[in-house]
Amino acid sequence: EHNMALTTVRSTGISSVPSTVLTGSPIIQQIVTQTTDVTNCASTSFIDLTGMTGSITPLSASSTILFTVSGVINIDTTNADNYVIQNIYNTTDTSEEEQRTIIRVDKGSADPSYSYPYHQITWYYKRASWGTSAKSFKCQMKNETTDATKWNRNAFATGSAQFMISEIA
């Protein structure tokens with residue numbers, strides 16, 4: 001049994017995710033990109049999240065690749081209901097790897113005196129290795145509406161977002 005933890009960044013500091021996310025398998029290699037860059041989005045088309053890129057060359061064709069996206073997001077809910085979709089985009093093959101609706105905030109539940117509530121987001125995507133060739137990836141984001149959304153910014157300061165690509169046995 002392996003007693004490993006996957007580190008993730010939260011608005012309250014660093015904490016660990018139990019190894020059950022990795023289904024008990026050892027990590028072969030890990031590529032971590034951490035950024036304090038803020039990306040403003042008011043688009044219904046995908047835009048790149050600044051500083052959220054990574055490349056990996058799997059060492060084994062039979063391994064599993066685990067992607068982790070973590071950061072803080074602000075959503076302007078003063079004008080309309082809004083939800084945010086993030087995407088991991090395979091820049092080597094020019095194709096979408098995985099798309100997730102990461103948060104939905106409706107105008108009725110938002111505090112009208114606080115138009116940019118912030119939320120800590122962490123999500124995972126796991127897939128089989130594609131072989132042992134190098135591939136590059138980037139994170140993207142889009143909104144349901146053209147209301148403003150800020151990635152990697154809480155109400156008071158810039159956050160610390162992380163994009164991690166792990167190869168696990």
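Quantities reported herein were computed from a predicted structural model and do not represent experimental measurements.
Atoms NZ and CG, from Lys138 and Asp48 in turn, are 3.5 Å apart once rounded to the nearest 0.5 Å. The line from CD of Glu97 to CG of Asn90 is 5.5 Å long, rounded to the nearest 0.5 Å. The line from CD1 of Ile165 to OG1 of Thr68 is 9.5 Å long, rounded to the nearest 0.5 Å. The CD atom of Gln99 lies 9.0 Å from the CD atom of Gln140; values are rounded to the nearest 0.5 Å. One distance of note links SG of Cys139 with CD1 of Ile88; it measures 5.5 Å at 0.5 Å rounding.
When side chains are defined from C-beta on, Val69 does not count as touching Met164, because their heavy atoms never get closer than 4.5 Å. With a 4.5 Å cut-off on side-chain heavy atoms, Thr132 and Leu59 do not count as touching. In this structure, the side chains of Ile102 and Trp123 come closer than 4.5 Å at one or more pairs of heavy atoms. Side-chain contact between Phe137 and Phe163 is present, with heavy atoms from C-beta onward closer than 4.5 Å. For the pair Met141 and Thr149, the minimum side-chain heavy-atom distance is below 4.5 Å. With contacts defined as side-chain heavy-atom distances shorter than 4.5 Å, the pair Ile31/Gln29 qualifies. Looking at heavy atoms from C-beta onward, Trp130 lies in side-chain contact with Pro58 at the 4.5 angstrom threshold.
Side-chain polar atoms of Gln34 and Ser160 form a donor-acceptor pair below 3.5 angstrom. Neither side chain, Gln162 nor Ser70, offers a donor N or O lying under 3.5 Å from an acceptor on the other.
Residues satisfying the side chain to side chain contact (heavy atoms under 4.5 Å, CB included) criterion with Thr94, sequence neighbours excluded, are Tyr89. Under the side-chain hydrogen bond (donor to acceptor under 3.5 Å, both in side chains) criterion, Ser55 pairs with Ser136, sequence neighbours left out. When the side-chain hydrogen bond (donor to acceptor under 3.5 Å, both in side chains) test is applied to Glu98, the partners found at least two apart in sequence or on another chain are Arg100.
In terms of modelled atom types and a separation under 3.5 Å, the side chain of Asn143 and the main chain of Cys41 share a donor-acceptor contact.
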**OP:** For Leu49 and Gln86, run side chain to side chain contact (heavy atoms under 4.5 Å, CB included): C-alpha distance rounded to whole Å, both residues' side-chain angles, the deciding distance at 0.1 Å, then the answer.
**Re:** CA-CA 9 Å; Leu49 296 177; Gln86 284 190 342; 3.7 Å; yes
**OP:** Verify side chain to side chain donor-acceptor pair (under 3.5 Å) between Thr35 and Asp37, making sure each step is shown before the conclusion.
**Re:** CA-CA 5 Å; Thr35 181; Asp37 293 332; 3.2 Å; yes
**OP:** Please report the C-alpha distance between Ile27 and Glu167 in whole Å, then the side-chain angles of each, then the deciding distance to 0.1 Å, and finally whether the side chain to side chain contact (heavy atoms under 4.5 Å, CB included) criterion is met.
**Re:** CA-CA 6 Å; Ile27 296 173; Glu167 181 182 11; over 6 Å; no
**OP:** Evaluate the side chain to side chain contact (heavy atoms under 4.5 Å, CB included) criterion for residues Thr91 and Lys135: first the C-alpha distance (whole Å), next the side-chain angles of each, then the deciding distance (0.1 Å), finally the verdict.
**Re:** CA-CA 7 Å; Thr91 56; Lys135 292 198 188 271; over 6 Å; no
**OP:** Give the C-alpha distance, both sets of side-chain angles, the deciding distance and a yes or no for side chain to side chain contact (heavy atoms under 4.5 Å, CB included) between Lys142 and Val84.
**Re:** CA-CA 6 Å; Lys142 72 178 182 178; Val84 178; over 6 Å; no
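Minimum heavy-atom separation, Thr44 to Glu144: CG2-O, 3.5 Å. Closest non-hydrogen pair, Thr39 versus Thr50, comes out as OG1-N, 2.9 Å. In plain terms, the two heavy atoms of Ser63 and Ser60 that are nearest each other are OG-O, 3.0 Å.
Two different hydrophobic clusters hold Ile47 and Ile73 under the rule that ILVMFWY side chains link at heavy-atom gaps under 4.5 Å. The hydrophobic clustering, which links ILVMFWY residues whose side-chain heavy atoms are closer than 4.5 Å, places Tyr125 and Trp151 together. Hydrophobic clustering places Ile56 together with Phe67 (ILVMFWY residues linked when any side-chain heavy atoms are closer than 4.5 Å, directly or through intermediates).
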